[in-house]
2 protein chains.
Amino acid sequence: MRDQFTHAIEDYLKTIYDLSLTHGRASTTQIAEVLNVAPASVTGMIKRLAGAKPPLVEYQKHRGVVLTQDGKIAAIEIIRHHRLLELFLQETLGYSWDEVHAEADRLEHVISEDFEERIARVLGDPTHNPHGDPIPTRDLEIPPHATLCLSHLRPNDRGTIRRVRDTDPELLRFLSDHGIVPPASFTVTGYTPFDGNLTLQINGRDQAVVLGMRITQQIYVERE
Amino acid sequence: MRDQFTHAIEDYLKTIYDLSLTHGRASTTQIAEVLNVAPASVTGMIKRLAGAKPPLVEYQKHRGVVLTQDGKIAAIEIIRHHRLLELFLQETLGYSWDEVHAEADRLEHVISEDFEERIARVLGDPTHNPHGDPIPTRDLEIPPHATLCLSHLRPNDRGTIRRVRDTDPELLRFLSDHGIVPPASFTVTGYTPFDGNLTLQINGRDQAVVLGMRITQQIYVERE
DNA sequence: CCAGAAAATTAGTTACCCCTAAAACAAGAT
DNA sequence: ATCTTGTTTTAGGGGTAACTAATTTTCTGG
Ligand SMILES: [Mn+2]
Ligand SMILES: [Mn+2]
Ligand SMILES: [Mn+2]
Ligand SMILES: [Mn+2]
């Protein structure tokens, strides 16, 4: 059913999927930034994806791409690999949550469907990875997950940490040092307009923390 | 210390190492056969390996290659990855011994040194993989291992199965069906000249098995 | 020693995936 | 409507790693 795509193609599909979730469409520059390649390289690859049989993206010159149904299926397959692997690395090999992403990013392209199936069973068909991202099911449905960004909360709001974006290991270490890890619950105790700083009191912690928007935009929560 | 080489280079080094063990030198055609590429492709790669800084092989036109010290170190690093992975897949994920080789062949190129270290610890610094091949140590020494080929034994010889070559999953299934798995002990009860067939009585088994040279040459034993 | 066979190399292509530099385009500001 | 800026595409090129076909070298048997 799979393993027809190169590592590069898989990384592009994954990136386009991700960008489409927040922006509806993925632009050349956005993709280039995420993948750390030149915009010209993205244009080249985009054309290959659009010209594939069947096409994996729908491409309109100068206005970016969206995934076709085929492209979306391929992307979600890889995301399932990635997130299952992240949990597996943490649970079975004792990785910390800031280490799992980079390792999974390489493994995701080479494991077999058999490997995928085996770790899914060992882990008991989990629904979320260590960062709280939903793990697509075997038939590629996305489990329910938090979409409310912490930056939108205001003083006296209470809630639970559900997801943290996983791209920056340093941020992840900072957050776990302060107890900001799913499923910690918290109360917002302060807000500064203009700079958007939020003060967060994590339940069971002495010290409150002040978080800038750079950080609060990377965190998704469930409001009580 | 590593991860400077492409997947292709790593596969060539591994293959050359393996061929050198039995043939002293690796010829273009032998490498081509193992890696399933055209001889012309091997010539091309060999030149790159010989021209690398530092050189990874010593190349004499028309008479194959041997690994340099640098090439050997790189090869053994990958072989350590490969064999640790094989054991890990069997022990932790329940793979059967005919399934581990193919999966490890892809994973070996992408795991980090950290991953290597973690599975080595989980497995208790093992010395042999499921097929009985020695697993190079952290400092790349090769643990002792059987080098006597079953095909050299004769009737009334007794011994223990120690290693089986791992390239053919079908053969591996056949062998485990007949109890020919390290560390089974056995007695040779028959030998046919000309075709080299051996009859083997595995201890604790009802039926003796007749094995052709195609098979007995893939099996290494320790004689009593 | 030499002819034919086998092995290896060279020559010429191709696909993939990246790059830089230059040109073209889109869209908001004037 | 035009300018300007930022975005995107085109053009041209490089490294890797494979291929086929043609040629050269080595080996081997008579
Ligand atoms: Mn991740
Ligand atoms: Mn990746
Ligand atoms: Mn193996
Ligand atoms: Mn390999």
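Keep in mind that what you see is a predicted model, and the values were worked out from it rather than measured. Per chain, numbering begins at 1; letters A, B, ... match sequence-line order. These numbers come from the heavy atoms of this one structure, side chains and all, not from hydrogens, waters or symmetry mates.
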Rounded to whole angstrom units, what separation is found between the [atom1] atom of [X] and the [atom2] atom of [N]?
X       : N      : atom1 : atom2 : result
A:Ile31 : D:dT9  : CD1   : P     : 9 Å
B:Met45 : D:dC19 : CE    : C1'   : 14 Å
A:Phe5  : C:dA15 : CZ    : C1'   : 17 Å
B:Ile46 : C:dT10 : CD1   : P     : 11 Å
B:His23 : C:dA7  : NE2   : P     : 13 Å
A:Leu49 : D:dT9  : CG    : P     : 13 Å
A:Lys47 : D:dT9  : NZ    : C1'   : 7 Å
A:Gln60 : D:dT9  : CD    : P     : 11 Å

Per [X] side chain, nearest of listed nucleotides [options]:
X       : options                : value
A:His62 : D:dT10, C:dC25, C:dT9  : C:dC25
B:Val37 : D:dA18, D:dT10, C:dT9  : D:dA18
B:Tyr59 : C:dT9, D:dC19, D:dT9   : C:dT9
B:Ala38 : D:dT20, C:dC16, C:dC18 : D:dT20

| message | Could you go through A:His109 and A:His81, starting from their C-alpha distance and side-chain angles, then the distance that decides it, and tell me whether this counts as ring pair (Phe, Tyr, Trp, His ring centres under 6.0 Å)? | response | CA-CA 8 Å; A:His109 307 291; A:His81 284 193; 8.9 Å; no
| query | So what does A:Thr28 hit on the nucleic acid, given a heavy-atom distance under 4.0 Å: a base, only sugar-phosphate, or nothing? | reply | sugar-phosphate
| task | For A:Ala8, answer base if it contacts any base atom (sugar-phosphate contacts may also be present), sugar-phosphate if it contacts only those atoms, and nothing otherwise; contact means non-hydrogen atoms under 4.0 Å. | result |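 Sugar-phosphate: the residue A:Ala8, judged by heavy atoms under 4.0 Å, touches backbone atoms but no base.
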| said: Which is more 5' along DNA chain C, the nucleotide nearest A:Arg63 or the one nearest A:Ala40? Just name the residue. | reply: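 The 5'-side residue here is A:Ala40.
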| query | Toward the 5' end of DNA chain C, which comes first, B:Gly44 or A:His7, by nearest nucleotide? | reply |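 Its nearest nucleotide being more 5', the pick is B:Gly44.
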| With B:His101, the side chain to side chain donor-acceptor pair (under 3.5 Å) member among B:Arg165, B:Arg83, B:His82 |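 Per the side chain to side chain donor-acceptor pair (under 3.5 Å) rule, the option paired with B:His101 is B:His82, out of B:Arg165, B:Arg83, B:His82.
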Is there a side-chain polar atom (N or O) of [X] under 4.0 Å from OP1 or OP2 of [N]?
X       : N      : answer
B:Lys61 : C:dT10 : yes
B:Thr43 : C:dT9  : yes
B:Tyr12 : D:dT16 : no

| Under a 4.0 Å N-O cut-off, is there an ion pair linking A:Asp125 with A:Arg138? | yes
| field | Verdict with supporting geometry, B:Glu108 and B:Arg80, salt bridge (Lys or Arg N to Asp or Glu O under 4.0 Å) | value | CA-CA 9 Å; B:Glu108 64 191 1; B:Arg80 176 167 160 86; over 6 Å; no
| message | Within the supplied structure, the quantity of interest is the number of heavy atoms (other residues, nucleotides, ligands) at a distance under 6.0 Å from B:Arg214 CZ; does it exceed 12? | response | no
